[in-house]
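Data block below; observations after.
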Amino acid sequence: MKEKLLDLLRGRGHKITSQRRAIIDALLAGGHFVTAQQILDIVKQTHPDVSLDTVYRNLSLLMELGAVDEIRTPNRDGNLFEVLTTGHHSHLVCLTCGRAKCLPFCPIKSSDMEQAGVDGFTVTSHSLEFYGYCRECQTSGAGEGFSCCTK
Ligand SMILES: [Zn+2]
Ligand SMILES: [Zn+2]
Ligand SMILES: [Zn+2]
């Protein structure tokens with residue numbers, strides 16, 4: 001996967017700096033979902049001068065290339081990034097603990113995409129999250145006993 005991401009960046013004429021390589025390493029090492037802050041914490045160990053802005057810039061670039069997806073959680077800094085290995089899909093996001101779960105499908109049909117293209121707008125992509133409460137948060141009482149928040 002790492003070589004695939006690096007090839008993708010090279011193919012679009014982006015330089016592979018050691019900082020960029022470290023960010024990709026951290027993205028892949030961080031688990032299925034990682035926050036920008038988690039990536040920053042890992043990269044800082046080898047590149048102490050890296051900033052959160054730089055991490056976000058690199059993530060945006062990978063999103064433009066379709067390699068990474070951002071999952072919006074109730075807390076912006078808690079937004080999760082996922083390396084796309086299985087193609088486009090939707091997510092369930094818990095409003096209490098901010099954890100996400102992949103849905104194996106997306107309910108948006110291509111006819112919905114066409115309908116969304118009003119006023120001559122050409123729709124090329126979309127993202128969709130479902131918000132609610134995960135099983136752990138329901139049983140522990142929403143807002144209380146954040147038992148499922150520890151990663
Ligand atoms: Zn939860
Ligand atoms: Zn996913
Ligand atoms: Zn979709």
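For ligands, and for the atoms within them, numbers begin at 1 and follow the listed sequence. Basis for what follows: all heavy atoms, side chains included, without hydrogens, waters or symmetry-related copies. Model, not experiment: these values are computed from the prediction.
Taking a 6.0 Å sphere around NZ of Lys2, one finds it holds more than 12 heavy atoms contributed by other residues, nucleotides or ligands.
Atoms SG of Cys137 and SG of Cys94, as seen from the Zn ion (ligand 1), are separated by an angle of 100°, to the nearest 10°. When rounded to 10 degrees, the angle formed at the Zn ion (ligand 3) by NE2 (His88) and SG (Cys106) equals 130°. Seen from the Zn ion (ligand 2), atom NE2 of His89 and atom OE2 of Glu82 lie 100° apart in angle, a value rounded to 10°.
Glu3 is listed as a side-chain neighbour of Leu6, based on a closest heavy-atom distance under 4.5 Å.
Here the options are Lys101, Arg99, Glu82, the test is side chain to side chain contact (heavy atoms under 4.5 Å, CB included), and the partner is Phe33; only Glu82 passes.
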Stepwise salt bridge (Lys or Arg N to Asp or Glu O under 4.0 Å) test for Asp7 and Arg10: CA-CA 5 Å; Asp7 281 349; Arg10 275 189 209 108; 3.0 Å; yes
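Distance check for His91 against the Zn ion (ligand 2): an N/O/S atom falls below 2.8 Å.
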